[in-house]
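Take a look at the structure below.
In what follows, chains carry the letters A, B, and so on, assigned in the order in which the sequence lines appear, proteins first and then strands, with residues in each chain numbered from 1.
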Amino acid sequence: MRLSRYFLPVLKETPGEARIASHRLMLRAGMIRQASAGIYSWLPLGFRVLRRIEQIVHEEQQRAGHIPMLMPTVQPADLWRESGRYDDYGEEMLRITDRHGRDMLYGPTNEELITDIFRAHISSYRDLPLTLYHIQWKFRDEVRPRFGVMRGREFYMKDGYTFDLTRDAALHAYNRHLVSYLRSYERMGLQAIPMRAASGPIGGDDTHEFLVLAETGESAVFYDSAVTDIRLGARALAYDDAAACRAVAEEFTRLYARTDETHDEAKFLEIPEARRRVARGIEVGQIFYFGTKYSEPMGAMVVNAQGERVPVHMGSHGIGVSRLVGAIIEASHDDRGIVWPEGVTPFHCGIVNLKQGNAGADAACEALYAALTGAGLEPLYDDRAERAGAKFATMDLIGLPWRITVGPRGLKAGVVELTCRRTGESEEMSPEAAVSRVAGRYGGTAGG
RNA sequence: CGGGGCGUAGCGCAGUCUGGCAGCGCGACGGUUUUGGGAACCGUAGGUCGCAAGUUCAAAUCUUGCCGUCCCGACCA
């Protein structure tokens with residue numbers, strides 16, 4: 001993409017309403033524009049990041065054997081009356097009446113819809129297990145939206161629903177989700193710690209929240225510092241192997257890590273003092289096993305091998321896709337701007353032409369652009385007639401992990417400059433070497 | 001939902017107390033000179049002063065009502 005033809009409305013000054021780094025930086029980098037309290041338009045740069053996170057979630061869900069689909073945002077109230085949640089959900093649910101006077105609602109979640117789909121089409125244990133998921137916009141009419149996309153009213157979320165014959169099978173689904181979530185977050189360059197949590201209004205027997213440590217987090221968290229040393233890394237994952245999934249889940253949840261809702265001071269004090277940590281975290285996902293809470297009242301039954309009609313065991317599992325954009329920035333920025341992890345960056349590499357209009361610099365930049373594109377990467381070429389300082393400031397603000405700087409001075413010596421956004425380190429090298437270095441950073445995962 | 005702010009150009013704000021030409025900085029646009037970390041100068045455009053009613057010769061400014069938005073608390077992915 002050439003910046004001169006792109007839409008990147010960056011701001012030099014910080015809009016007054018933004019209190020935390022991610023909100024401030026998303027506004028300044030031209031990623032979002034507020035439409036109403038807690039409701040945002042995603043401008044092109046923000047949209048790219050949102051899509052990359054969504055893509056990682058899709059890939060990891062499907063790797064775990066989960067099946068994508070799409071349910072509507074507007075739902076009929078009747079289904080919610082059936083589950084008993086139409087009244088329970090209260091003022092957070094946006095209620096709508098259509099032209100025929102029917103009660104509708106903008107979905108805050110999708111248990112009712114998915115259960116309705118399940119009961120209409122599934123009747124035998126032979127069709128289980130089944131995991132369906134979708135990524136869709138949701139709406140919760142928060143009393144006080146804040147922190148930009150981290151606590152919006154409209155938000156984009158992956159929610160998955162598991163259907164199993166037995167509790168044991170449902171717990172395998174729970175562990176499988178835990179592992180797939182860990183893998184998704186690691187690909188996004190994030191550490192999200194699974195913590196035992198309260199179940200809240202969705203209801204359930206077992207639940208973990210995934211928290212990203214950040215000073216601006218909404219939850220107080222208490223944990224054993226050793227949990228932050230655990231990584232999934234490149235290990236092979238056998239999602240169909242219940243014992244293997246349980247082993248990984250146990251490895252990540254064995255040590256003490258809880259939010260304030262379930263914090264147990266006595267157990268916390270059993271941790272060696274040097275490893276006790278009290279901090280704050282941003283919730284970026286949650287997994288629930290809730291048994292037959294919805295299947296019983298809504299009649300989602302299957303016939304088991306003994307010929308008996310039994311309610312299915314269900315679980316639901318969510319990842320806050322739009323919230324992750326903010327959470328990643330909270331976890332990865334500096335005083336100059338955003339520092340994107342390579343896994344979610346909106347563009348793989350920036351090209352800064354220090355002397356736009358200089359034939360040699362222009363040609364070198366075009367050649368770099370073609371070479372990077374040819375290597376399967378998406379570069380952002382700053383071809384504006386701006387001064388160097390302005391171009392650097394823009395690149396730093398939008399946080400691309402790599403920047404190739406091209407100027408007549410370096411070209412005389414046959415070199416360009418490759419700069420790492422995170423460390424600030426620069427190195428001079430031939431344009432070809434710069435391309436292969438950047439391409440090497442993204443390996444086979446480039447594109448998308 | 002309780003309490004408190006704020007609403008004036010795309011962004012940041014002054015002007016409101018004490019009614020009297022709608023301003024400043026940044027940004028945008030044009031020009032000249034510049035050009036390796038947010039350049040300088042000259043010029044130009046851009047405003048239903050949140051909305052409505054009221055008071056007044058005269059309202060951004062005073063009064064009333066409404067709307068929007070932000071912050072603290074409670075609540076919540």
| Can you find a donor-acceptor N/O pair under 3.5 angstrom joining the side chain of A:Arg151 to the base of B:rC75? | yes
| task | Mind calculating the distance between CZ (A:Phe139) and P (B:rA77) to the nearest angstrom? | result | 16 Å
| Rounded to the nearest Å, what distance is computed from the CZ atom of residue A:Phe155 to the P atom of nucleotide B:rC76? | 15 Å
| query | When rounded to the nearest Å, what value does the distance between C1' atoms of B:rU34 and B:rC42 take? | reply | 15 Å
| Counterpart base for B:rG23, defined by Watson-Crick or G-U wobble contacts under 3.5 Å | B:rC13
| Taking atom C1' in both B:rC62 and B:rC17, what distance in whole Å separates the two? | 11 Å
| request: Could you check whether the rings of A:His317 and A:Tyr181 sit parallel, tilted or perpendicular, using 30° and 60° as the cut-offs? | output: perpendicular
| request: Pick base, sugar-phosphate or nothing for A:Gly407, based on heavy-atom distances below 4.0 Å to the nucleic acid. | output: base
| field | P gap between B:rG65 and B:rG27, integer Å | value | 42 Å
| query | So, for A:Phe163 and A:Phe118, is the gap between ring centers shorter than 6.0 Å? | reply | yes
| Among B:rC70, B:rC75, B:rG36, the one nearest A:Ala37 by side-chain distance | B:rC70
| Mind checking whether A:Trp80 and A:Tyr89 have parallel, tilted or perpendicular rings, split at 30° and 60°? | perpendicular
| query | Side chain of A:Arg146: nearest nucleotide among B:rG37, B:rC71, B:rG36? | reply | B:rC71
| Donor-acceptor pair (no angle test) under 3.5 Å: A:Arg19 side chain, B:rC71 base | no
| Are any non-hydrogen side-chain atoms of A:Leu354 and A:Arg409 less than 4.5 angstrom apart? | no
| query | Among B:rG38, B:rU35, B:rG37, which nucleotide sits nearest the side chain of A:Leu397? | reply | B:rG38
| message | Rounded to whole Å, please give me the gap between CD in A:Glu142 and C1' in B:rA74. | response | 13 Å
| task | Using a heavy-atom cut-off of under 4.0 Å over every strand shown, decide if A:Ala388 touches base, sugar-phosphate, or nothing. | result | sugar-phosphate
| query | Nearest-Å distance, CD (A:Gln286) to P (B:rC76)? | reply | 12 Å
| said: For a quick check of understanding: with a heavy-atom distance under 4.0 Å over all strands, which category does A:Gly357 fall into, base, sugar-phosphate or nothing? | reply: nothing
| On a whole-Å scale, what distance lies between the C1' atoms belonging to B:rC26 and B:rU69? | 23 Å
| query | Taking the same atom, P, in B:rG7 and in B:rC49, what whole-Å distance lies between them? | reply | 14 Å
| Can you pull the side chain to side chain donor-acceptor pair (under 3.5 Å) pairs that have at least one residue in residues 8-20 of chain A, sequence neighbours excluded? | none
| message | For B:rC70 and A:Gln34 - does any side-chain N or O of the residue sit under 4.0 Å from the phosphate oxygens OP1/OP2? | response | yes
| query | Roughly, in whole Å, what's the span from CZ in A:Arg28 to P in B:rG38? | reply | 14 Å
| Do the charged groups of A:Lys293 and A:Glu111 touch, with an N to O distance under 4.0 Å? | no
| message | For B:rU55, give the paired nucleotide (Watson-Crick: N1-N3 plus N6-O4 or O6-N4; G-U: N1-O2 and O6-N3; both under 3.5 Å), or none. | response | none
| request: Return the value, rounded to whole Å, for the distance between atom CD of A:Glu218 and atom C1' of B:rG73. | output: 17 Å
| query | Above 12 or not: heavy atoms from other molecules or residues under 6.0 Å from CD of A:Glu91? | reply | no
| note | Atom OH of A:Tyr89 and atom C1' of B:rC75 are separated, to the nearest Å, by 13 Å
| task | Just say parallel, tilted or perpendicular for the rings of A:His23 and A:Tyr40, cut-offs at 30° and 60°. | result | perpendicular
| remark: Contacts satisfying ring pair (Phe, Tyr, Trp, His ring centres under 6.0 Å) that involve residues 325-347 of chain A (not counting sequence neighbours) are A:Tyr6-A:Phe347
| remark: Sorted by chain and number, sequence neighbours left out, salt bridge (Lys or Arg N to Asp or Glu O under 4.0 Å) with A:Glu330 holds for none
| request: Could you check if a side-chain atom of A:Leu400 sits within less than 4.5 angstrom of a side-chain atom of A:Arg421, using non-hydrogen atoms only? | output: no
| field | Complement of B:rG47, any strand, by Watson-Crick or G-U distances under 3.5 angstrom | value | none
| Selection from B:rU69, B:rC76, B:rA77 that lies nearest to any side-chain heavy atom of A:Glu209 | B:rA77
| Distance, P atom - from B:rU63 to B:rU56, rounded to whole angstrom | 16 Å
| message | Using the rule side chain to side chain contact (heavy atoms under 4.5 Å, CB included), only one of A:Arg140, A:Met93, A:Glu154 pairs with A:Tyr106; which is it? | response | A:Glu154
Could you go through nucleotides 1-11 of chain B and list every protein N or O atom that sits under 3.5 Å from one of its N or O atoms, giving the distance for each pair?
from: B:rC11; atom 1: O2; to: A:Glu13; atom 2: OE1; distance (Å): 3.2

| Mind checking the P distance from B:rG19 to B:rC57? Whole angstroms is fine. | 15 Å
| query | Does any donor atom in the side chain of A:Gln61 or A:Ser180 lie under 3.5 Å from an acceptor atom in the other side chain? | reply | yes
| said: Can you tell me the base-pairing partner of B:rG2? Count Watson-Crick or G-U wobble geometry only, both distances below 3.5 Å, and say none if there is no partner. | reply: B:rC72
| message | Heavy atoms within less than 4.0 Å of RNA chain B: which residues of residues 63-71 of chain A have one? Give them sorted by number. | response | none
| request: Could you work out the separation of B:rU61 and B:rU18 based on their P atoms and round it to a whole Å? | output: 14 Å
| query | Would A:His263 and A:Phe222 count as a close aromatic pair, with their ring centres under 6.0 Å? | reply | yes
| query | What's the CG-C1' distance between A:Asp88 and B:rC76, to the nearest Å? | reply | 16 Å
| query | Which base sits across from B:rU34 as a Watson-Crick or G-U pair, both distances under 3.5 Å? | reply | none
| said: I want to confirm an ordering. Mapping A:Thr419 and A:Glu92 to their closest nucleotides on RNA chain B, which one lands closer to the 5' end? | reply: A:Thr419
| said: Students often get this wrong, so: under 4.0 angstrom with heavy atoms, is A:Gly410 touching a base, only sugar-phosphate, or nothing? | reply: base
| said: Let's test your reading of the model: under 3.5 Å, does the base of B:rG36 pair with the side chain of A:Arg403 as donor and acceptor? | reply: no
| task | Using the six-membered ring of A:Tyr239, assess whether NZ or CZ of A:Arg176 lies under 6.0 Å from its centre and within 45 degrees of the ring axis. | result | no
What pairs of nitrogen or oxygen atoms, one from the protein and one from nucleotides 39-49 of chain B, lie under 3.5 Å apart?
from: B:rA39; atom 1: OP2; to: A:Arg387; atom 2: NE; distance (Å): 3.3
from: B:rA39; atom 1: N9; to: A:Arg387; atom 2: NH1; distance (Å): 3.4

